[in-house]
Amino acid sequence: MLDRTPNEWIRALLILLIASPLIRLSANVLRKSLKKRYSAQSAMVAFHLVNYGGGTIILLTVLAELGFEIATLLGAAGVLGVAIGFASQTSLSNLISGIFLIWEHPFEIGDIINVDTVTGIVEEIDLLSARIRKFDNTLVRIPNEDLIKTRLINITRYPIRRLDVEVGVAYKEDVEKVMGVLKDIADQNPWCLDEPEPLILFKGFGESSLNFLFGVWFSKTDFLALRNSIQIEIHQRFKKEGIEIPFPHLTVYTGSETDPFPVRLDSPKASPPAAPPEG
Amino acid sequence: MSSSSLWSTVFTPAEAPYVVEAGEVRIFLMVEEGDWFAGVVRDKEQRSPAIRKNADPAPETTEWQRIGSEADLPEIHLAPAYPDRALVVRPKVSYALIPGERVQFFVGVPVWIRVAGPSDLTLFQVSTSSLSNTWFGLPTEGELAYAMRTRARRDVKRLGLDPLQVVCSVRIKNQSKEMITFERICIRPRFLSLYEDSRHGLWANESSMIVRSAQEASRVAYARKAPAHLNHPHAWIKGAEEATGTHFLRALGGGKGLFNE
């Protein structure tokens, strides 16, 4: 290598200086044009493929200019590749999982996803991992293999969602009146879609309450506004209508044929003032 | 002040502050240290359109926004506008059309107020009534729209002349061989023009649709001129040219009569 002429050195340097920015430029142009037609995820993967692939070709060309035997180098790289492959099975698994993710396309950049206990916005998807920004502004890197193996929920895949609120009322309440009030709450709330219609389901008889499922549809961007407002409105409206939201309670009987335990409430007697200490 | 002056009043820094009242909304405009500030207050009270000059101060909770400098905005005016999204009108009573029947409905669409500066530059827009959201389409894809429950009228006089609503006329002809029931109408404002008549009523251009089959997409045609009964109307908005295959109305009824896009 050291016996190369200055011309050959200059040629190698020129290839490096001209081709590298060109590859970078092509990768960027490709990313931008793909982003318009396809997902940001596909654009990013294409960018990396062109960037790394082009980089490898430039490196090999420069080495060839400097007198290296490319065939020998590739052979050595093959042997080295097998060794590295064995040593980096996890990375390989992540890489293959990344390809599956691109093909399956379960989420894209900007989606809000839930994986295990992590919920956040997808910031970046790479061949090895995805980066999720949680709502407390911390970054979580999830290997692609985990994304393939774990149950993943894409919260913002569809434009509208349903918020399910569990509502319990006292046994004395009129079921039809409660359902009518819930319908009216949904009608009055500006974030709640009037179509699809809200789901109001009398779920059954709980330990301490009659249980209802109140499912209201909303545009995915209105989640926080709806969640806050609908719960406040249920509380306020039930209070206004005199509908009791019970707390868990227990009635104890001594037997099936007997009356409940008698309970007597005594008013507390005023205790006499303490005598001043003597001495 | 009558509704006539709502759209013709010119707001100048010299006479500020102003308050514009219309329906559920009050718009406060004031000038401070050479800048225009605007604040919008909304409540449940329904107010007739009115403008007051040198008005009382806005409530303390008003959120103010600078909209421009006095020098750049020597004049501000208001203009009627359509909602910024499609409007799905659900008549309180559904209408069935027998085969061959031709009907005309009138629907009142709540007007929005567009606050504009010189060269008709839009500064901001506000609705005069609170509209709830609805979804027009399938749960997996569709369009977010405003929902309105009203009575579609056959006689325009029964709709009443409300200065804060635009009267939209919809003609439908049922050319199919089956009965069609309309439960909701989707109004797409981008195709509608907006005219003001001599009595300051607001009107949209007429739209008409021929239903050939319950399963087939129905094409809607929008008139390119003002309703014929208006004398020298003032055109506030020129509707966009309709796109091919544009649909305007979707009907549902008894398991049939569904018009797809």
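Heavy-atom basis, side chains included; hydrogens, waters and symmetry copies ignored. Convention: sequence-line order gives letters A, B, ...; per-chain numbering from 1. These numbers were taken from a predicted model, which means no experiment stands behind them.
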Report yes or no: does A/Thr56 contribute a side-chain atom to a donor-acceptor pair with the main-chain N or O of A/Tyr52 at less than 3.5 Å?
-> yes
So which part of B/Arg149 gets closer than 4.5 Å to some heavy atom of chain A, the side chain, the backbone, both or neither?
-> neither
Just checking, any donor-acceptor pair under 3.5 angstrom between side chains of B/Arg85 and B/Asn133?
-> yes
When the ring planes of B/Phe28 and B/Trp64 are compared, do they come out parallel, tilted or perpendicular, using 30° and 60° as the limits?
-> perpendicular
Donor-acceptor under 3.5 Å (B/Asn174 side chain, B/Ser176 main chain) | yes
Between A/Arg31 and A/Phe47, is NZ or CZ placed under 6.0 angstrom from the six-membered ring centre and within 45° of the ring axis?
-> yes
Distance-only polar pair, side chains of A/Asn189 and A/Ser229, donor-acceptor under 3.5 Å = yes
With only heavy atoms counted, which part of A/Asp222 is less than 4.5 Å from chain B, the side chain, the backbone, both or neither?
-> side chain
Which bit of B/Thr140 is near chain A, if near means a heavy-atom gap under 4.5 Å: side chain, backbone, both or neither?
-> both
State, to 0.1 Å, how close A/Glu124 and A/Asp126 come at their nearest heavy-atom pair, and which atoms those are.
-> OE2-OD2, 3.7 Å
Just checking heavy atoms, which of residues 153-168 of chain A are less than 4.5 Å from chain B?
-> A/Tyr158, A/Pro159, A/Ile160
